[in-house]
2 protein chains.
Amino acid sequence: MTKKTNIAEIARLAGVSTATVSYVINDVDKVSEKTKERVRKIMADLDYIPSINARSLSNGRTKLIGVTLPLIAPSDTTGTLLETNPFFAEYLGEIHKVIASYGYDILLSGIQVKGKYKNWIKSRGLDGIILLGSYPPDIYEEVKALGIPTVLTDIYETYANDFHSVNTDDAEGSYLAAKHLIGLGHKKIGFVGGSIKESPIHNNRYLGYGKAMLEGNLKINNDCVFETLTTFEGGVKFAQRLMKEKVDLTALVVDADIVALGIMKACQDAGKKIPDELSIVGFDDIQAASFTSPGLTTIRQFISKKGEIAANLIMKDILANTRTTDSQMVKSKLIIRGSTKKI
Amino acid sequence: MTKKTNIAEIARLAGVSTATVSYVINDVDKVSEKTKERVRKIMADLDYIPSINARSLSNGRTKLIGVTLPLIAPSDTTGTLLETNPFFAEYLGEIHKVIASYGYDILLSGIQVKGKYKNWIKSRGLDGIILLGSYPPDIYEEVKALGIPTVLTDIYETYANDFHSVNTDDAEGSYLAAKHLIGLGHKKIGFVGGSIKESPIHNNRYLGYGKAMLEGNLKINNDCVFETLTTFEGGVKFAQRLMKEKVDLTALVVDADIVALGIMKACQDAGKKIPDELSIVGFDDIQAASFTSPGLTTIRQFISKKGEIAANLIMKDILANTRTTDSQMVKSKLIIRGSTKKI
DNA sequence: CTGAAAGCGCTTACAG
DNA sequence: CTGAAAGCGCTTACAG
């Protein structure tokens, strides 16, 4: 490895000061076109690339944005999360795409220990952070104290108002799902969701379903609302219970594709035909929703749209050095495949 | 925001020099236990966290590792890649897990323009890079010139010898797949793979299949070896052709799950029963392989194992400041689900 | 065991 | 339009 060329060497070769070289690098309008040319030529010849690191130290910007994933179970890692939930990968990728166009990079992390997270942000000098999913409330206090641009994703809690936030219109999504089933003539429609009482997201999805049922003059009782873990296994177990208890439903609004796929698989493995004996609508439109036969009718979340919005919100604050708090809602859309049928 | 406390302030408060504080931070064995205690106490009280950035500038280590994804099509982004190929997400996550335990972080990138990639590495001062998948040959020249620890993944080409490399035993994998089918009594077994001639990975998978066929005294002719795009759509199109041309095969060794899933879906949608009319074995064991009904019999790649190895190889070189070139091969394993059946 | 000081590679008022 | 110099927050020989 040849010794790294630095700004001093460029300055020496160009016969100017390091300040002037710096101005050229940053395209500060203080240097004559002639000098600029000369300096640029030398930089190109020496294949000189300024160190972002050194720049950060003097101007206080690292051009680094932290993206944080919710490690809930002790066994969760950023790996298992990225692997099992396609949402994160797509969101992450879209953020990367936007911020890379500004010369920014992403630093990935999960949150394990509370204080450690804050220290990580400080030690790396992150310019901003984007949080995916929800965390223990005190995390938000910590983040707020940091005072850096922050975007929250899929958070409905009140502290969302202290930051930028990006959401999917969850209620509208399951409303569309239920409406679709009602339009197909279904009357006994169940709802399957994650912890409805504790998670505002799941609760909103439940409310959208409820609204559609109400409009359709259909009854909701305790026998048609179910809670499961939001995993494939959760869906499998639910379906097994459903079949065993012979619950009398012709259709299901499921608030996550991963669960809907589990239900579908368990039913099919047991010989229960989808959609002939049971219509199913999912939520998310993950890639695998189109892999099954029949394909899963679902509510598409425009994840990349959300990622793009999140990235732009944070870049706006970083570049303008402001601390605004926008809240944006992204529409969802019904995608009809083969898992739903007229009754 | 309160003003950032720095090492000078700690030194002042503790009545020592900044050098001493630095020694305490780095746990250099030069300071008396008593002084250490005092300094540590003050650091804790002030919630002081050293800037990695500043440290990097003086010691030359950024504690940053670049992970690079192969953007092949012009429309590829890190996002679409992470989303459509679960391999990347899992690999990335596992690397993250390992290096995070050393206080390192990951910087993500795709390779679009050649020179830009090199400049990115230089400007960020990355301590090492891990490349997933294959790239145009000149990229390897560039990377080599950089002289930083580098790990290649799934590369068989000769330049792999200049770096660390991690591979799956591809040939063994499809050998196991074909053996399984032969054991079930199949004789007319086809192979479906990506560009067999151009990609050593696909070629190796093809060779494994060939070896098993040979051992089983089964014929391979041009009518039973097929090339497709390694995408879900590629699988769908192949299956449609297969059914239209009424190719006389009872089983398929497919060299990627994503393709196998496309084949299965197209067959099922057309009323062709899996595994009754056609047995299928995939390769990879992506998450969706267990979502379908029947589940996909496949060859599991131990992706997280590969990620762990890659991360450890690079950390070893970084910490010891060496440039070694190990080459590691990870075994694969047959996972039997419902897509294969005795004939 | 502890400190003074140079250095890492930049930026940025300030002066001219 | 250009430069001298201080500063960003650390580390690290070197000296004692």
Side-chain angles (χ1 to χ4, degrees), chain A residues 1-40 42-43 46-64 103 119 122-127 321, chain B residues 1-40 42-43 46-64 103 119 122-127 321:
Chain A
M1 292 250 348
T2 49
K3 197 178 159 307
K4 207 172 176 314
T5 63
N6 59 21
I7 204 173
E9 175 144 8
I10 303 292
R12 190 174 55 75
L13 259 28
V16 296
S17 71
T18 58
T20 298
V21 177
S22 174
Y23 295 146
V24 174
I25 291 169
N26 294 291
D27 215 10
V28 176
D29 199 19
K30 283 183 158 198
V31 185
S32 71
E33 205 45 54
K34 214 179 130 197
T35 309
K36 270 189 186 171
E37 295 275 299
R38 183 156 41 96
V39 173
R40 284 205 188 104
I42 292 171
M43 294 198 296
L46 268 70
D47 207 11
Y48 166 74
I49 302 293
S51 155
I52 295 186
N53 221 358
R55 301 174 81 160
S56 304
L57 198 56
S58 43
N59 71 14
R61 319 206 124 177
T62 53
K63 294 196 163 198
L64 246 27
N119 291 349
K122 283 172 74 175
S123 69
R124 282 291 183 191
L126 304 185
D127 287 348
N321 196 24
Chain B
M1 292 246 353
T2 48
K3 200 178 159 304
K4 207 170 175 313
T5 63
N6 59 21
I7 204 173
E9 174 146 9
I10 303 291
R12 191 173 53 75
L13 259 27
V16 296
S17 72
T18 58
T20 299
V21 177
S22 174
Y23 296 145
V24 174
I25 291 169
N26 294 292
D27 216 9
V28 177
D29 200 18
K30 283 183 157 195
V31 185
S32 71
E33 205 45 53
K34 214 180 126 197
T35 308
K36 269 190 188 171
E37 294 276 299
R38 183 156 41 95
V39 173
R40 283 205 189 104
I42 292 171
M43 293 198 296
L46 270 70
D47 206 13
Y48 167 75
I49 301 295
S51 153
I52 295 185
N53 220 358
R55 301 174 81 160
S56 302
L57 198 57
S58 44
N59 72 11
R61 317 206 127 178
T62 53
K63 295 197 163 196
L64 247 25
N119 291 349
K122 283 172 74 175
S123 69
R124 282 289 183 193
L126 304 184
D127 288 347
N321 197 22

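Proteins come first, then strands; the chains are lettered A, B, ... in the order of their sequence lines, and each starts at number 1. No hydrogens, no waters, no symmetry mates; every other heavy atom, side chains included, goes into these values. Please read these numbers as outputs of a predicted model, since none were measured by experiment.
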In this structure, how many angstroms lie between the C1' atom of dG9(C) and the CG atom of N26(A), rounded?
13 Å
Length of the line joining K36(A):NZ and dT2(D):C1', which is rounded to integer Å
13 Å
So, N119(B) side chain and K122(B) main chain: donor-acceptor pair closer than 3.5 Å or not?
no
N or O in side chain of S58(A) less than 4.0 angstrom from dC8(D) OP1/OP2
no
Output the rounded distance in Å from CG (N59(A)) to C1' (dG9(C)).
12 Å
Would you say that I7(B) contacts Y48(B) through its side chain, given a criterion of any heavy-atom pair below 4.5 Å between the two side chains?
yes
Using Watson-Crick or G-U wobble geometry with both distances below 3.5 Å, tell me the partner of dA4(D), or none.
none
Taking the side chain as every heavy atom from C-beta outward, state whether R61(B) and N321(B) have any atom pair closer than 4.5 Å.
yes
I want to confirm an ordering. Mapping L57(B) and D29(B) to their closest nucleotides on DNA chain C, which one lands closer to the 5' end?
D29(B)
Describe the nucleic acid contact of V28(A) in one word from base, sugar-phosphate, nothing, applying a heavy-atom distance below 4.0 Å.
nothing
S22(A) near the nucleic acid: base, sugar-phosphate alone, or nothing, with a heavy-atom cut-off under 4.0 Å?
base
In whole Å, I'd like the distance from the CD1 atom of I52(B) to the P atom of dC10(D).
11 Å
Look at T20(A) and dG3(D) and indicate whether a side-chain polar atom (N or O) is within less than 4.0 Å of OP1 or OP2.
yes
Send over the distance from I7(A) CD1 to dG7(C) P, rounded to a whole Å.
17 Å
Using a 3.5 Å distance criterion without hydrogens, assess whether the side chain of N6(A) forms a donor-acceptor pair with backbone atoms of A8(A).
yes
From CZ of R61(A) over to P of dT11(C), roughly how many Å is that when rounded to an integer?
13 Å
Nucleotide dC10(C), atom P - distance to OH of Y23(A) in whole Å:
15 Å
Taken to the nearest whole Å, NZ/K34(A) to P/dT2(D) is 9 Å
What's the closest nucleotide to the S51(A) side chain, out of dG3(C), dG9(C), dC10(D)?
dG9(C)
Any N or O donor-acceptor pair under 3.5 Å from the base of dC1(C) to the side chain of S32(B)?
no
Side chain of Y48(A), base of dG9(C): donor and acceptor closer than 3.5 Å?
no
Using atom types as modelled and distance alone, determine if a side-chain donor or acceptor of R40(A) lies under 3.5 Å from a backbone N or O of V24(A).
no
Considering every strand and a 4.0 Å limit on heavy-atom distances, what is the contact class for V21(B): base, sugar-phosphate, or nothing?
nothing
CD1/I52(B) to CG/L64(A) distance, rounded to the nearest 0.5 angstrom?
9.5 Å
Residue I25(B), side-chain heavy atoms: nucleotide from dG9(D), dT11(D), dC10(C) that is nearest:
dT11(D)
Categorize T35(A) for me: base, sugar-phosphate, or nothing, with a 4.0 angstrom heavy-atom threshold over every strand shown.
sugar-phosphate
So what does G125(A) touch, heavy atoms closer than 4.0 Å: a base, only the sugar-phosphate, or nothing?
nothing
